[in-house]
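Okay, structure first, notes after.
Here the structure is a predicted model, which means the values were calculated and not measured.
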Amino acid sequence: MDEKQQPVRFEDLKDDDQKRLRLRVAHFLEAESGFRSGSRHWPQEGEPRPEYDPERTTLTERRLAKVAELKALHPDDARQLGLGQVSERTLQRWSAAWPEQGIMGLADGRLTPVLRGHRKITLQVAEAIHAVHAECLHRSRVGMKTKERMIHQFVREKFGTEAEKKIPHYTTLLKVWKEWFGPESGRQRYLRSAAAVDTGGSTVTITRPGQVVVLDTTPFPVKLRDDVFGEPITVDLTSDWTRSRTPWWPSGSPRNRTPPSRWPRCCVT
C-alpha cells in the first residue's frame, strides 16, 4: 500500500467543523479583500468596514486589524470558533495556501483528523482494487458484494491463496472503495468519462460566476431553423452549467445571427 497520507476533503469534516471553517474563510477573505465574500460584487450589509476598506487601507493594515479583532473576542468564543491563535503570520500562511488548496488550505489539525490510510490494504490488494475498478467501468453496474468477489478472484489467481488471506473484511473494502473512487452514483458512461480525464496535480479556485464552465459533452443532435420556412440544420446541443451565457454557433451558420432568446442555459455546437 502507498504510505502517502490521504488528503482530507471538506466533505470529510463534521458539520460543526465545516461551519467553523467557513467562518474562518470569511474572516480571511475580509482581511485579504475587505469583503467576507472575497469580492466587492457581493458585499454584505455595511461592507466594507472602515478598517478593511481596500480603497483606504493596505493589505498589512487589514491583516493587523483582523488580528486585533479576533484577539478582542472572549477566549472561550475564540476557542470554540477555532480562531483563538490567529496572528499576522497565520493570515500570511492562509494566503499562500488559498490559491492551490482553496478552503482546505485554511484547515489545520484542530479541524481535520489525519487520514492515514488503511494498513490492512496490502500492495496486492490495492492492485486488485484498482484492477476491479477499471473492469467495472466497462460493465453494467454491479454491487460491492460482486466487487468483493472479483477482488478475491484477482488476488487468488495472480498472487495465490496466501495473499488472498490478507484481504480485509467487506466493510473495510467498502470504506476504502468510497474513499478512493467516491460514491459512484452516476451512470456508467459518466463514470467512464470521468475516469478517462487526467486531472493533473493542480486545482482551480473559483472566485466569480462564469470563471469555470462545466459542459455536458453527451451527444444530443437536434434540428434548428432560422424561421418558419427556413432550411433545417443539424447541430449538437451542449449543456452549460453556469449562469453566464457563452454564444456557441453551429458550424456553417452566419456569425451575425441574433441569439435566440429561449436559450437560457444551453448552447449549440
Side-chain angles (χ1 to χ4, degrees), residues 3-117 179 197-214 241-246:
E3 292 296 333
K4 184 179 179 180
Q5 293 182 352
Q6 301 173 12
V8 180
R9 302 173 300 173
F10 183 74
E11 295 79 7
D12 296 325
L13 304 181
K14 299 178 181 178
D15 291 341
D16 291 342
D17 290 336
Q18 290 182 3
K19 294 178 181 178
R20 294 188 186 97
L21 188 55
R22 289 193 182 99
L23 180 62
R24 181 178 295 184
V25 170
H27 281 290
F28 160 72
L29 292 177
E30 186 175 29
E32 292 292 302
S33 64
F35 302 87
R36 293 171 72 89
S37 65
S39 173
R40 65 177 66 249
H41 299 293
W42 300 287
Q44 297 184 10
E45 184 177 358
E47 287 187 340
R49 294 189 285 172
E51 61 270 31
Y52 299 109
D53 190 346
E55 299 293 335
R56 300 173 180 172
T57 59
T58 64
L59 177 59
T60 300
E61 290 173 342
R62 293 194 298 274
R63 287 175 175 172
L64 292 176
K66 179 58 66 176
V67 171
E69 176 186 346
L70 297 178
K71 285 185 177 180
L73 294 175
H74 190 279
D76 294 339
D77 295 337
R79 184 166 50 253
Q80 179 67 20
L81 297 174
L83 300 170
Q85 298 180 353
V86 176
S87 63
E88 182 183 6
R89 176 59 184 148
T90 304
L91 295 173
Q92 293 174 351
R93 186 174 68 251
W94 289 352
S95 179
W98 177 258
E100 289 294 330
Q101 303 177 40
I103 190 171
M104 293 308 297
L106 278 65
D108 55 27
R110 290 172 289 181
L111 294 179
T112 58
V114 177
L115 301 180
R116 303 186 181 276
E179 286 184 2
V197 175
D198 182 9
T199 58
S202 60
T203 59
V204 177
T205 302
I206 302 175
T207 59
R208 57 179 175 81
Q211 180 179 355
V212 176
V213 179
V214 181
W241 294 6
T242 180
R243 291 293 180 182
S244 61
R245 302 182 199 172
T246 304

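In terms of heavy atoms, V67 sits closest to V86 at CG1-O, 3.8 Å. Taking all atoms of both residues into account, the shortest heavy-atom contact from P48 to G34 is CB-O, 3.6 Å. In terms of heavy-atom proximity, L21 sits nearest to M104 at CD2-SD, 4.1 Å.
Listed by chain and residue number, nothing satisfies the side chain to side chain donor-acceptor pair (under 3.5 Å) test with E51 (two or more places apart in sequence, or in another chain). Taking the side chain to side chain contact (heavy atoms under 4.5 Å, CB included) definition, one finds that P43 meets it with F35, E47, sequence neighbours left out. Under the side chain to side chain donor-acceptor pair (under 3.5 Å) criterion, T60 pairs with no residue, sequence neighbours left out. Take H41 and apply the side chain to side chain contact (heavy atoms under 4.5 Å, CB included) test, not counting sequence neighbours, and it matches S39. In this view, R22 satisfies the salt bridge (charged side-chain N to carboxylate O under 4.0 Å, His left out) rule with no residue, not counting sequence neighbours.
Of the N and O atoms on the side chains of E32 and Y52, not one donor lies less than 3.5 Å from an acceptor on the other residue.
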Practice task
Go through L29 and R36 one step at a time and tell me if the side chain to side chain contact (heavy atoms under 4.5 Å, CB included) criterion holds.
Solution key: CA-CA 5 Å; L29 292 177; R36 293 171 72 89; 5.8 Å; no

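At a threshold of 4.0 Å, the pair R93-E88 does not count as salt-bridged, since none of the basic side-chain nitrogens sits closer than that to a carboxylate oxygen.
Distance check: S33 OG to R40 CZ gives 8.5 Å after rounding to the nearest 0.5 Å.
Residue pairs satisfying the ring-ring contact (aromatic ring centres under 6.0 Å, His included) criterion with at least one member in residues 13-34, sequence neighbours excluded, are listed as follows: F28-W98.
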